[in-house]
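For ligands, and for the atoms within them, numbers begin at 1 and follow the listed sequence.
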Amino acid sequence: METDGLPIQKQFQEHFFTCATRGDVKTMEEVLQHGTVNINATNDHGWTALMFAARTGQDKVVRLLLDHGCDTTVMNKSCQTAADIATFWNHTAVLNELEKKGQTSGSQAQNVCNYFGYNPLDRCAHKRKDAQWLEEKLRDQSTVILLFHDLGLVVAKGEKLAAQARVTQPCHFTFNDIAAFLEELGTEKVLVFLGLGRLQSDKTEPSPPTSDKEGHLTAWFALDVTSISQEKILSIKEGLEIASSPFPGLFQLPEKEAGIVAQARSLLAWHQRYKFCPTCGSTALVEEAGYKHTCQKEGCPSLKGVHNTSYPRTDPVVIMLIVSPDGKKCLLGRGKRFPGRMYSCLAGFMEPGETIEDAVRREVYEESGVRVGRVQYHSSQPFPLPASLMIGCLGYATSENITVDKEELEDAQWFTRQQVAEVQTGAPLPTDALTNPRAEGPSFFLPPAQAIAHQLVKAWLRMSPNL
Ligand SMILES: NC(=O)c1ccc[n+]([C@@H]2O[C@H](COP(=O)([O-])OP(=O)(O)OC[C@H]3O[C@@H](n4cnc5c(N)ncnc54)[C@H](O)[C@@H]3O)[C@@H](O)[C@H]2O)c1
Ligand SMILES: [Mg+2]
Ligand SMILES: [Mg+2]
Ligand SMILES: [Mg+2]
Ligand SMILES: [Zn+2]
């Protein structure tokens, strides 16, 4: 049945959106009672009734919709949730209602915890010199020990699920499992103490063996078993494998363990690369539970005072989502080693004596010729390849012309919000929309959600003024 050219159902739906915008709780209650509309239905731009109410600050409508179980996580075509819309328009009463349901906007940087960024362990740095305490912890049957073979994590063989669904489960070894390896490695062993903690395991994650003592926290260690034969390692128990290449495994870890693995892998990478004293080349001893190298040569300058050569290195890297001067486009680049048609945020190692803001401006100018003015910090991410700290920023360009540094990048382009939103939400791009009309499916794609670049793009989309 049609009226005004709209099918009656669509008319009802439009009316429902209007009531949400105007705050007409009474009518909406009646409509919901009759069940004549789908509470999560969206209009052509992906907006739900909850979003319309969030846009105009109708907190009573929001409460009504939440009470009727509406979906708060739906994203519109600009990748915004109702919480983002309420945040953008500063409707705190609406945000309070949403927060009661645990739904806050991801665009507030303080809420963003990137993959690898969550680490449940207390590092207990004050215990690193207590050899006896460490030995007791190591031998405790509840202790978890991770094994790495040439920086490849030893994992439980996962069934071959579809790649994106697959979880790479780090294998949790006990002291008894690896006592023979410690024997074999002797003083050459590189064993690092990661900390005390407990995975708040949920049904999908096998929690590590925590002893039954009340409040007893689990100690976590990592051991480098590169010089142990793979055969011996894989024979400890059934169904083990060594995830020798970092990807995709490193991006498929249970979220609650990814940060622990990043901490361990970066530490072991430091030990692997810095076997000798960087100051005089003499042998160095692993001390302080794996967090220090001490030169064995008497009188070495590194033995007097505090020297950063004796401690694990972390390389700060800026990674930035650059917004065009008109606010409507973002700058993405394609590194030479990027897979497929992936484009990502520009990134670069910081240099000595440089602020984060200046590193952003320098790297963007070096790689694309674009000038950047204001720089805003967003969030950070430990990145264990080998030991970077990604410092995620939004930068606002003051120029638009691109000159690609072909030394480093294959390409760099401005992408519109629409192009990026469609790819981000996974809807396949029409191939004629972008530069590569011959290719099937989207002619570019973004890094997965585990990459901070993905989160920066999402944050920008959620800040869209076109609400
Ligand atoms: N997590 C993410 O989403 C993400 C995305 C992009 C890049 N990254 C990481 O950020 C790192 C830096 O990005 P980039 O390669 O574009 O940097 P970049 O643009 O500074 O160029 C890399 C070059 O910088 C030089 N360099 C300077 N300091 C260095 C250091 N401490 N270690 C190694 N090389 C150094 C080397 O010549 C290297 O080839 C990469 O290694 C990559 O692993 C992470
Ligand atoms: Mg660079
Ligand atoms: Mg650089
Ligand atoms: Mg770079
Ligand atoms: Zn030395």
**Request:** Look up atom 23 (C) of ligand 1 and tell me if a protein heavy atom lies less than 4.0 Å from it?
**Result:** no

**Request:** Give a yes or no on whether a salt bridge exists between R139 and E135, defined as a side-chain N under 4.0 angstrom from a carboxylate O.
**Result:** yes

Look only at interatomic distance and state if [X] has a nitrogen or oxygen under 3.5 Å from any nitrogen or oxygen of ligand 1.
X	result
F349	yes
R337	no
A347	yes
E363	yes

Do any N or O atoms from the side chain of [X] and from the backbone of [Y] form a donor-acceptor pair under 3.5 angstrom?
X	Y	result
R334	A412	no
Q381	G117	no
K137	W220	no
H293	L285	no
H378	W460	no

**Message:** Determine whether R313 and R273 satisfy the following criterion, side-chain contact (heavy atoms from CB on, under 4.5 Å), listing intermediate values before the conclusion.
**Reply:** CA-CA 10 Å; R313 62 172 298 158; R273 287 163 166 77; over 6 Å; no

**Prompt:** Passes side-chain contact (heavy atoms from CB on, under 4.5 Å), L240 versus F173? Steps please.
**Reply:** CA-CA 11 Å; L240 297 181; F173 296 99; 3.8 Å; yes

Residue and atom name of the nearest protein heavy atom (relative to [atom]), distance in Å to one decimal:
atom	value
atom 5 (C) of ligand 1	I319 CD1, 3.4 Å
atom 44 (C) of ligand 1	M390 CE, 3.3 Å
atom 18 (P) of ligand 1	G348 CA, 3.6 Å
atom 42 (C) of ligand 1	F383 CE2, 4.1 Å

**Asked** Where on E408 is there a heavy atom closer than 4.0 Å to ligand 1, on the side chain, on the backbone, on both, or on neither?
**Response** side chain

**Asked** Side chain or backbone of E366 under 4.0 Å from ligand 1, or both, or neither, by non-hydrogen atoms?
**Response** neither

**Item:** Whether E367 lies under 4.0 Å from ligand 1, heavy atom
**Value:** yes

**Fill in**
Here the vertex angle at the Zn ion (ligand 5) for SG of C295 and SG of C280, given to 10°, is 100°

**Request:** Show the numbers, then the answer: is there a side-chain contact (heavy atoms from CB on, under 4.5 Å) between C330 and V420?
**Result:** CA-CA 9 Å; C330 70; V420 166; 3.8 Å; yes

Which atoms of ligand 1 are found less than 4.0 Å from any heavy atom of [X]?
X	value
D315	31 (N)
Q381	1 (N)
I452	3 (O)

**Prompt:** Does R371 make a cation-pi contact with Y365, if we ask for NZ or CZ under 6.0 Å from the ring centre and within 45° of the axis?
**Reply:** yes

**Asked** If you leave out waters, which protein N, O or S atoms are less than 2.8 Å from the Mg ion (ligand 3)?
**Response** E363 OE2

**Message:** Is a donor from one side chain sitting under 3.5 angstrom from an acceptor on the other, for N119 and Q263?
**Reply:** yes

**Request:** Verify the distance criterion only: is there a donor paired with an acceptor across the side chains of D84 and T87 at less than 3.5 Å?
**Result:** no

